[in-house]
Trainee: 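One structure follows; several queries about it will come next.
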2 protein chains.
Amino acid sequence: MSKQAEFAVILKMNPMFADLGSDELQRIAGLCHTQQMAAGEVLFQKGDPGDALFGVRRGQIRIETGASDGSRLTLNFMGPGDLFGEVAVLDGQSRSADAAAGEATELFVLRREDFLAFLEREPKVAIKIIMLLCQRIRWQSERMEESMLQPLPVRLARRLCALAADFGSEVHISQEQLGVFVGAARESVNRQLQLWRKDGILDLQRGRILLNNLNKLTAVARNE
Amino acid sequence: MSKQAEFAVILKMNPMFADLGSDELQRIAGLCHTQQMAAGEVLFQKGDPGDALFGVRRGQIRIETGASDGSRLTLNFMGPGDLFGEVAVLDGQSRSADAAAGEATELFVLRREDFLAFLEREPKVAIKIIMLLCQRIRWQSERMEESMLQPLPVRLARRLCALAADFGSEVHISQEQLGVFVGAARESVNRQLQLWRKDGILDLQRGRILLNNLNKLTAVARNE
DNA sequence: AAAGATATGTGACTTATGGCACACTTCTCC
DNA sequence: GGAGAAGTGTGCCATAAGTCACATATCTTT
C-alpha cells in the first residue's frame, strides 16, 4: 500500500475526518510528508505554533506536560494509527503540551499551510470540516457537563476502557497519572482499583494494570 | 441605522463572529431577514432541524425544555442583542431545546442555506469560521473541565454574573432553576445565597435576586 | 549490596454537597 | 376568601472524595 493510501486510512479512522468521502481523503493524504524520529527526540514543545497534524505510522509519541513541581506527567501515548494535532492544523494556535518520541518513530505530517490552501481551493470540503467541528462542539458540550458530574468509578472505568482500546488488556500507566486523567486524587484512584481487584475485574502491578474483565468495566462506564 | 448595520453590530458582539472583518460582517448581515413574533408564539421545538441563526432585535425569547416529570424548565432567556443558534446554522443539527417568545419580539433571522451558499462563494471566510470554531473547541475543553471542578460558590457567582450581564442587577429566576443551571441542589443554592445576603452582596425575593454588589460577586467568580 | 527514588496500599480525619423532612410564605385559581 | 400549589429557609444526616500521615514494596544507581 502506498504511503498516501496508508495515511488516508488513518485519517478515515479519526472521527474528525471519517465523514469525508474517500476521494477527498485521498487528496488530503496526497498533501502529506513523512518524518523519522529517533527515540527521545522532541517533536514539539508547549508554546510552539501548531503548524501541522501528525499521524503515527510506527513507533510511539508521548504527549507530556511539565508539572508545576518540575516533574513530568504523561498525558497520553499515541501509537500506530493514532492522529494528533487535528485542531492545531486548522487554527494554528500554540501547542498546549510537549510531544516527544518514546521510541524510534515514523510520522505522517500534514502541514497547516498545505491544508489551508487545499481548503481554500475546495470550499465544499471546508464546509464539511465546519460541520464536523460543530458536531465536535455539540459532543463536547453534551459529554463534558455530564462526564464531570459522574462519580469517580464511572470516570475511571471510562478512562480505562479508552486506554484498553489503544493498548489492549495490559495498560502501562501509574495510578498517579490515572488520577490526573480523571481529575481525582491518587489515593481515591487506588481505593477504587483495589475494590475492582477484589472483584477480579483487574490485577495491579507496579506501573501496570491488567484488565481481566473488560465487560464488567464497560458496564460500570455506562453507569448502570 | 439600517436593519443590516444593526444586525452587523449584534454579530460583532458575539465571540463567534467578533474576529471577522467589518466588511465581511456587513455582507453576512446583508443575508438576514426579520421576523415578528407575538407573546407566547413558538419559534422552534426540540427536534426541529436547525435551519437558522437568530438575533433578538427587541423583546425576549425563552429557551426551555420539557423536564422528565412534565414540568418546564427555562434554560435561558435571550434579550435584545443576544444571538442564538450559531452552531445550528452551521451544521443543521436538530434543536436540543424549545424556544418561544416571552413577549412581543422582533428577530433577525439568518437562514442556513443563505449562509452556507455565502461560505461556498467565500472560502476565506469559511476558513476564518473554521478557526473560530477551533478556538471555541479549545476554550470549551479548557473551561469545561476546570469549571465543573470549581466549588459551588464559584459556579454560582459565574452564573449570576452572566445573568446580570443580560438583565441588569435584578435577575428574575427561581432558586430551583438556578440549581439546574449550575448543576447543584436547590438547598445548596439557597444556603450559598443566604451567606451572600448576610454580606449584603445581594437581596432575595420570591423568584427574584437583586445584585447589590456585582464587584464582590465577580471577585468570587474569579476564585480569588 | 546499600541508598535513595518512585510507586503503591491504607487508615484517620475533614469538607463539600446531596437528599430528606418540614415549616413558612406567597401566589393563583375557583 | 379558602385551598392548594409553588417557592423558600433550615436543620440533620449520609456519602463521596480530598488530604495527611505513614507503611511497604519495588526499581535504579552507584
Side-chain angles (χ1 to χ4, degrees), chain A residues 40 62 64 66-74 145-160 163 170-199 201-210 220 223, chain B residues 64 66-74 145-160 163 170-199 201-210 220 223:
Chain A
R62 291 165 186 267
E64 12 178 59
S68 46
D69 60 357
S71 71
R72 305 197 62 73
L73 279 175
T74 301
E145 291 187 54
E146 165 207 330
S147 194
M148 303 305 288
L149 295 175
Q150 295 298 326
L152 175 68
V154 176
R155 275 148 48 207
L156 199 52
R158 284 183 184 171
R159 179 62 68 163
L160 284 175
L163 289 169
E170 181 172 327
V171 177
H172 175 94
I173 187 175
S174 81
Q175 296 177 10
E176 171 96 42
Q177 288 183 10
L178 207 43
V180 175
F181 278 13
V182 302
R186 177 191 65 79
E187 294 93 325
S188 305
V189 170
N190 181 269
R191 279 185 261 265
Q192 183 58 50
L193 291 177
Q194 294 299 329
L195 290 178
W196 283 334
R197 187 172 59 81
K198 274 167 197 136
D199 288 349
I201 294 180
L202 45 75
D203 274 314
L204 298 174
Q205 295 173 9
R206 183 190 174 82
R208 215 172 319 188
I209 300 173
L210 309 173
V220 176
N223 196 9
Chain B
E64 8 177 65
S68 46
D69 61 356
S71 71
R72 305 198 61 73
L73 278 176
T74 302
E145 293 187 51
E146 167 209 327
S147 193
M148 303 306 286
L149 296 175
Q150 296 296 328
L152 175 72
V154 177
R155 276 147 49 206
L156 198 52
R158 286 182 183 172
R159 178 62 68 165
L160 284 174
L163 289 169
E170 181 171 329
V171 177
H172 174 93
I173 187 176
S174 82
Q175 297 177 8
E176 170 96 43
Q177 288 184 9
L178 206 44
V180 175
F181 277 15
V182 301
R186 177 191 65 79
E187 295 92 326
S188 304
V189 169
N190 181 268
R191 278 186 262 265
Q192 183 58 50
L193 291 176
Q194 294 300 327
L195 290 178
W196 282 335
R197 188 171 59 81
K198 273 165 197 138
D199 288 349
I201 294 179
L202 45 72
D203 275 315
L204 297 174
Q205 295 174 8
R206 181 189 174 81
R208 215 171 317 190
I209 299 173
L210 310 174
V220 175
N223 196 11

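Chain identifiers are assigned alphabetically (A, B, ...) following the order of the sequence lines, protein sequences preceding nucleic acid strands; residue numbering begins at 1 within each chain.
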Trainee: In whole angstroms, how far is the P atom of C:dT6 from the CZ atom of A:Arg208?
Mentor: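 Answer to the nearest Å: 19 Å.
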Trainee: Rounded off to whole Å, could you give me the CD-to-P distance for the A:Glu187 and C:dG11 pair?
Mentor: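 In whole Å, C:dG11 P and A:Glu187 CD are 13 Å from each other.
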Trainee: Rounded to the nearest angstrom, tell me the gap between atom CG in B:Leu152 and atom P in C:dT15.
Mentor: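 In whole Å, C:dT15 P lies 17 Å from B:Leu152 CG.
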Trainee: Rounding to a whole Å, what distance do you find between A:Lys198:NZ and C:dT8:C1'?
Mentor: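 Rounded to whole Å, this separation is 13 Å.
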Trainee: For a quick test of reading the model, state the closest non-hydrogen atom pair linking A:Pro153 to A:Val220 and the distance between them.
Mentor: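 Taking A:Pro153 first and A:Val220 second, the nearest heavy atoms are O-CG1, 3.8 Å.
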Trainee: Contact list please: residues 188-196 of chain B against DNA chain D, heavy atoms, distance less than 4.0 Å, in numerical order.
Mentor: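 Going residue by residue through residues 188-196 of chain B, the ones with a heavy atom under 4.0 Å of DNA chain D turn out to be B:Asn190, B:Arg191, B:Gln194.
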Trainee: Which heavy atom in B:Val189 sits nearest to a heavy atom in B:Gly179, and how many Å separate them?
Mentor: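 The answer is CG2-CA, 3.7 Å.
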Trainee: Measure from the side-chain heavy atoms of B:Arg155 and tell me the nearest of C:dG19, C:dT17, D:dA17.
Mentor: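 Nucleotide nearest to B:Arg155's side chain: C:dT17.
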Trainee: Name the closest nucleotide to the A:Arg206 side chain, picking from D:dC27, D:dT19, D:dA17.
Mentor: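 Nearest nucleotide to the side chain: D:dC27.
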Trainee: More 5' along DNA chain D: A:Pro151 or B:Gln175, using each one's nearest nucleotide?
Mentor: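 So the residue in question is B:Gln175.
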Trainee: Rounded to whole angstroms, how far apart are CG on A:Leu178 and P on C:dA7?
Mentor: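 Between P of C:dA7 and CG of A:Leu178: 13 Å.
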Trainee: Looking at the side chain of A:Ser174, which of D:dG18, D:dG7, C:dT8 is the nearest nucleotide?
Mentor: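 Nucleotide nearest to A:Ser174's side chain: C:dT8.
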Trainee: Is any N or O donor-acceptor pair between the side chain of B:Arg186 and the base of D:dG9 shorter than 3.5 Å?
Mentor: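 Yes.
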Trainee: Applying side-chain contact (heavy atoms from CB on, under 4.5 Å), run through A:Ile173 and A:Phe181 and close with a yes or a no.
Mentor: CA-CA 11 Å; A:Ile173 187 175; A:Phe181 278 13; 3.8 Å; yes
Trainee: What contact category does A:Gly183 fall into here, base, sugar-phosphate, or nothing, at under 4.0 angstrom with non-hydrogen atoms?
Mentor: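 Counting heavy atoms under 4.0 Å across all strands, the contact made by A:Gly183 is with sugar-phosphate only.
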Trainee: Tell me which one of B:Asp203, B:Leu163, B:Leu160 satisfies side-chain contact (heavy atoms from CB on, under 4.5 Å) with B:Ile209.
Mentor: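 Of B:Asp203, B:Leu163, B:Leu160, side-chain contact (heavy atoms from CB on, under 4.5 Å) with B:Ile209 is met by B:Leu160 alone.
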Trainee: Measure from CD1 on B:Ile173 to C1' on D:dT8 and round the result to the nearest Å.
Mentor: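 Rounding to the nearest Å, CD1 of B:Ile173 and C1' of D:dT8 are 15 Å apart.
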Trainee: What heavy-atom pair brings A:Arg155 and A:Ala184 nearest, and what distance separates the two atoms?
Mentor: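 Closest pair (atom of A:Arg155, atom of A:Ala184, distance): NH2-CB, 4.1 Å.
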Trainee: Between D:dA6 atom P and B:Gln177 atom CD, what is the distance in whole Å?
Mentor: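 Between P of D:dA6 and CD of B:Gln177: 13 Å.
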Trainee: Could you walk me through whether B:Gln175 and B:Leu193 pass the side-chain contact (heavy atoms from CB on, under 4.5 Å) test, one step at a time?
Mentor: CA-CA 9 Å; B:Gln175 297 177 8; B:Leu193 291 176; 3.9 Å; yes
Trainee: Could you state the atom-to-atom distance from CD of A:Gln150 to C1' of D:dA17 in whole Å?
Mentor: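 For the pair A:Gln150 CD and D:dA17 C1', the rounded distance is 16 Å.
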Trainee: Is a side-chain donor-acceptor pair under 3.5 Å present for B:Arg191 with B:Gln194?
Mentor: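 No, no side-chain donor-acceptor pair sits under 3.5 Å.
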